[in-house]
Amino acid sequence: MAIRIKSHWWNEASNRTLPEIASALAFISWRIALDKAINLHCERFVYADDAQRLGVIREYLAFLIQVADRLAHGRFADDERRLLITSLVRSVIAHCQDNSQDLLGPGDYGSPFIDLLNRRSEDYAQYQLDQEGPSYAFLRHLGFEIQNLMGAGQENRWVIDQVMDKDGWDAYKSFAKAFRDLFD
């Protein structure tokens, strides 16, 4: 299932700040992550509950934040890159908090996401992302983490292949295109 991502500014003549662009990237990230979580269900993989589905969305968000950081590297000075990624993470946390509260009720959903993001930042630091996109190992790690969340039962034992071979790559391509479009 393809989603339409709006990645061009309505008024292109206006200059945008890095936090404004980060906010747009956070919204795009949420839409992509949600689409990929829905796609797993459409491919007949089974979620135990909404909390598990939100866990998959958070894994995709952590992956896309890593992609954003890699795409920003070399394109921006270190202080600009830090501002962009920090603003992106703050906006993503707000999306996680709001949507998790809607589905699961009141609670602190931002702090656990920060912990997840810190762990994934260390994990993904080992893997390459270049002009061609994420390496096999980069995508495999995303698939591995989602497989761990969904379990290796009969109905979900091939989820890692779905994520590595199709959904993870599609998420990367959609996000990378939106990233480029918002800055061009």
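Owing to the predicted nature of the structure, the values given are computational and were not obtained by experimental measurement. Just so you know, residue 1 is the first one in the sequence shown, and it goes up from there.
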State the CG-CD distance between Asn148 and Glu59, to the nearest 0.5 angstrom. 8.5 Å

What residues, two or more places apart in sequence or in another chain, satisfy side chain to side chain donor-acceptor pair (under 3.5 Å) together with Gln101? Gln97

Of all heavy-atom pairs between Asp108 and Pro112, which one has the smallest distance, and what is that distance? O-CD, 3.4 Å

Would a distance-only check, ignoring hydrogens and angles, find a side-chain to backbone donor-acceptor pair under 3.5 Å from Asn156 to Gln147? no

Look at the side-chain heavy atoms of Ile, Leu, Val, Met, Phe, Trp and Tyr, link any pair under 4.5 Å apart, and say whether Ile85 and Ile114 land in one connected group. yes

Answer whether the closest heavy-atom distance between the side chains of Lys36 and Val163 falls below 4.5 Å. no

One pair to check against side chain to side chain contact (heavy atoms under 4.5 Å, CB included): Phe63 and Phe138. What are the steps and the verdict? CA-CA 9 Å; Phe63 168 79; Phe138 204 112; 3.3 Å; yes

Approximate separation, where rounding is to 0.5 Å, of Ile21 CD1 and Ser91 OG: 12.0 Å

Give, for atom CZ of Arg58 and atom NE2 of His95, the distance between the pair rounded to the nearest 0.5 Å. 15.0 Å

For Ser87, all residues meeting side-chain contact (heavy atoms from CB on, under 4.5 Å), sequence neighbours excluded: Pro19, Ala22, Leu83

Identify whether Val46 and Ile38 are in the same connected component of the hydrophobic contact network (ILVMFWY, side-chain heavy atoms under 4.5 Å). no

Rounding to 0.5 Å, atoms CZ (Arg53) and CG (Leu34) come to a distance of 9.0 Å

If hydrophobic residues (ILVMFWY) are linked whenever their side-chain heavy atoms come closer than 4.5 Å, directly or via other members, who joins Phe144 in its cluster? Tyr136, Ile160, Met164

CG of Leu25 to CZ of Phe179, rounded to nearest 0.5 Å, is 6.5 Å

Is there side-chain contact between Ile28 and Leu182, with at least one heavy-atom pair below 4.5 Å? yes

Just jot down the side chain to side chain donor-acceptor pair (under 3.5 Å) partners of Gln52, sequence neighbours excluded, or say none. none

For Trp169, what residues pass the ring pair (Phe, Tyr, Trp, His ring centres under 6.0 Å) criterion, not counting sequence neighbours? Tyr172

Is the Tyr109-Phe113 ring centre distance short of 6.0 angstrom? no

So which atom in Ala26 and which in Leu88 form the shortest heavy-atom distance, rounded to 0.1 Å? N-CD1, 3.5 Å

Can you confirm whether Glu132 is buried at CD, in the sense that more than 12 heavy atoms of other residues, nucleotides or ligands lie under 6.0 Å from that atom? no

For Thr17, enumerate each residue passing the side chain to side chain donor-acceptor pair (under 3.5 Å) test, keeping only those at least two apart in sequence or located in another chain. Glu20

With side chain to side chain contact (heavy atoms under 4.5 Å, CB included) as the test, would you mind laying out the steps for Ile93 and Cys96 before giving the verdict? CA-CA 5 Å; Ile93 290 169; Cys96 286; 5.5 Å; no

Residues Asp123 and Arg119 bridged, charged N to O under 4.0 Å: no

Is there side-chain contact between Ile32 and Asp35, with at least one heavy-atom pair below 4.5 Å? no

Euclidean distance, Leu64 CG relative to Ser29 OG, rounded to 0.5 Å: 5.0 Å

Once salt bridge (charged side-chain N to carboxylate O under 4.0 Å, His left out) is applied, what residue pairs with a partner in residues 145-158 remain, sequence neighbours excluded? Arg120-Glu145

Taking every heavy atom of Val56 against every heavy atom of Leu149, the minimum-distance pair comes out as N-CD1, 3.6 Å

Can you list every ring-ring contact (aromatic ring centres under 6.0 Å, His included) pair that touches residues 33-61, not counting sequence neighbours? none

Hydrophobic cluster identity match, Val92 and Leu104, side-chain contacts under 4.5 Å: yes

Could you list the residues that satisfy side chain to side chain donor-acceptor pair (under 3.5 Å) with Ser121, not counting sequence neighbours? Gln66

Residue pair Asn39, Gln162: steps toward the side chain to side chain contact (heavy atoms under 4.5 Å, CB included) verdict: CA-CA 10 Å; Asn39 190 61; Gln162 177 71 27; 3.5 Å; yes

Any Ile146 side-chain heavy atom under 4.5 Å of Leu40 side chain: yes

Supply the members, apart from Phe27, of the Ile/Leu/Val/Met/Phe/Trp/Tyr cluster built from side-chain contacts under 4.5 Å; use none for a lone residue. none

Quick one: side-chain contact (heavy atoms from CB on, under 4.5 Å) partners of Asp98, sequence neighbours excluded? none

Exercise answer: donor-acceptor pairs, residues 69-78 side-chain atoms, under 3.5 Å, sequence neighbours excluded:
residue, atom, partner, partner atom, Å
Asp69, OD1, Arg81, NE, 2.8
Asp69, OD1, Arg81, NH2, 3.1
Asp69, OD2, Arg81, NH2, 2.9
Arg70, NH1, Tyr127, O, 2.8
Arg70, NH2, Tyr124, O, 2.5
Arg70, NH2, Tyr127, O, 3.1
His73, ND1, Arg81, NH1, 2.8
Arg75, NH2, Asp184, OD1, 3.2

